[in-house]
Amino acid sequence: MTHRFWQPNEGDLMADWYYEENGAQRGPVSEADLRVMLGNGLLARDTRVWTASFGSQWLPASQTELRAHAQAAAAGGPPPLTGAAPLQPAFAYPVPPMAGAGGMPMTTSAWLIIGLPILMLVAEIVLAFAGRNPNVPPQTTAIGFWGGVLLLVFAWKDAQAIQRAGFNPTKRTMVPFMLLTPIGYFIRRKVITGSSLAPLWMWLACGLGYGILSLALFPE
């Protein structure tokens with residue numbers, strides 16, 4: 001069986017690299033530094049590495065153009081360097097999370113998406129106290145319209161926070177998935193960030209609570 005390895009583009013030779021060490025992200029370092037570290041046995045051949053051209057995927061060094069140095073380390077190269085100066089990062093760089101790193105934390109905007117059914121119920125209660133039936137037009141139309149607008153705004157702000165945190169460096173599309181309801185958005189969010197589907201289940205619970213309470217408070 002022929003194995004296909006990732007091949008570098010010409011621009012990748014000057015790119016910044018990151019690597020995993022004891023479960024933590026290290027870098028950025030130059031490709032030359034990373035080759036030295038692999039060749040001298042400072043890093044294992046299956047150490048996961050990342051550079052911008054990889055998108056959102058971390059790869060073992062043995063599956064990249066660094067594989068020759070990784071294989072040399074596995075075969076037994078020179079002893080590790082001693083007294084080397086620590087590598088200093090040149091600048092901050094958005095890097096996707098490594099698998100198993102826990103995924104993207106919840107943002108305020110994500111919580112607002114989850115709690116929007118409750119906000120809509122509050123709006124209905126306010127309308128009822130004002131003497132307007134929230135179950136007939138134009139009240140129902142207004143609540144539905146502004147609820148949809150808020151969902152898109154919250155999704156956009158959540159997507160921006162995810163990108164700033166480095167969980168979506170290739171800027172994959174997120175907000176249009178809200179047109180499939182928060183179900184589609186939260187599934188897309190999980191795919192991109194590696195987080196759980198807990199926000200989806202919480203939103204469904206809030207939606208169910210909204211439906212039950214709305215029917216109880218404002219029967220047809």
Side-chain angles (χ1 to χ4, degrees), residues 6 8-9 11-12 14-29 34 47-61 63-64 89-122 144-210:
W6 182 88
N9 299 317
D12 295 331
M14 300 299 294
D16 287 317
W17 288 74
Y18 297 77
Y19 62 94
E20 178 188 10
E21 183 178 47
N22 297 324
Q25 173 188 304
R26 306 296 185 194
V29 299
L34 198 55
T47 296
R48 290 188 294 178
V49 297
W50 183 89
T51 190
S53 59
F54 290 6
S56 61
Q57 186 177 14
W58 287 73
L59 295 174
Q63 295 181 16
T64 70
F91 56 88
Y93 201 90
V95 183
M98 296 179 293
M104 173 72 185
M106 289 291 290
T107 66
T108 301
S109 298
W111 283 113
L112 288 172
I113 294 172
I114 292 170
L116 188 59
I118 305 303
L119 295 178
M120 294 174 65
L121 180 63
V122 171
F145 172 79
W146 287 110
V149 169
L150 288 175
L151 280 176
L152 290 174
V153 171
F154 295 155
W156 177 76
K157 291 180 70 66
D158 183 53
Q160 291 294 307
I162 289 171
Q163 185 175 321
R164 287 194 300 270
F167 282 75
N168 188 17
T170 55
K171 300 182 180 179
R172 287 179 287 176
T173 302
M174 292 185 63
V175 177
F177 282 80
M178 185 58 81
L179 299 177
L180 302 176
T181 75
I183 296 175
Y185 179 79
F186 282 129
I187 291 176
R188 180 64 169 173
R189 190 180 194 275
K190 177 187 184 304
V191 170
I192 290 178
T193 66
S195 55
S196 72
L197 281 176
L200 173 58
W201 306 130
M202 289 188 286
W203 176 80
L204 289 172
C206 288
L208 179 62
Y210 162 75

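In this chain, residues are counted from 1 in sequence order. Values below: every heavy atom of this structure, side chains too, minus hydrogens, waters and symmetry copies.
Annotation for P117 and C206: closest pair CB-O, 3.7 Å, computed over non-hydrogen atoms. Taking both residues in full, the closest heavy atoms of T47 and E20 are given as CG2-O, 3.2 Å, listed atom of the first, atom of the second, then distance. Considering all non-hydrogen atoms of both residues, I162 and M174 come closest at CD1-CE, 3.5 Å. Residues T193 and S195 share a closest heavy-atom pair of OG1-OG, 2.7 Å. Residues L200 and P182 come closest through the heavy atom pair CD1-O, 4.4 Å. Taking each heavy atom of T51 and D16 in turn, the nearest pair found is OG1-O, 2.9 Å.
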Run L112 and K157 through side chain to side chain contact (heavy atoms under 4.5 Å, CB included) and show every step you take.
CA-CA 11 Å; L112 288 172; K157 291 180 70 66; over 6 Å; no
Test side chain to side chain contact (heavy atoms under 4.5 Å, CB included) applied to I114 and F186, step by step:
CA-CA 10 Å; I114 292 170; F186 282 129; 4.0 Å; yes
Run the ring-ring contact (aromatic ring centres under 6.0 Å, His included) test on W17 and F54 for me, step by step, so that the C-alpha distance in whole Å, both residues' side-chain angles and the decisive distance to 0.1 Å come before the verdict.
CA-CA 10 Å; W17 288 74; F54 290 6; 5.6 Å; yes
Show your working on side chain to side chain contact (heavy atoms under 4.5 Å, CB included) between R188 and L180 and close with a plain yes or no.
CA-CA 10 Å; R188 180 64 169 173; L180 302 176; over 6 Å; no
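For the atom pair OH of Y19 and CD of Q25, the computed distance is 10.5 Å after rounding to the nearest 0.5 Å. Atoms CG and OH, on L119 and Y210 in that order, are 11.5 Å from each other to the nearest 0.5 Å. Taken from CG in L152 to CG in L179, the straight-line distance is 6.0 Å, to the nearest 0.5 Å. To the nearest 0.5 Å, atoms CD1 (I192) and OG1 (T173) are separated by 7.5 Å. Once rounded to the nearest 0.5 Å, the distance linking CD of Q57 with CZ of R48 reads 10.5 Å. Taking CZ of F177 as the start and CZ of R189 as the end, the distance is 14.5 Å to the nearest 0.5 Å.
A search for side chain to side chain donor-acceptor pair (under 3.5 Å) contacts involving R26 returns E21, not counting sequence neighbours. Scanning for side chain to side chain donor-acceptor pair (under 3.5 Å) contacts around T107 gives D158, with sequence neighbours left out.
Two residues are said to be in side-chain contact when any heavy atoms from C-beta on lie closer than 4.5 Å; W146 and M120 fail this criterion.
Applying the salt bridge (charged side-chain N to carboxylate O under 4.0 Å, His left out) rule to pairs touching residues 110-122 yields nothing, sequence neighbours excluded.
A side chain to side chain contact (heavy atoms under 4.5 Å, CB included) with W203 is found for one member of L208, I183, L116 and no other, namely I183.
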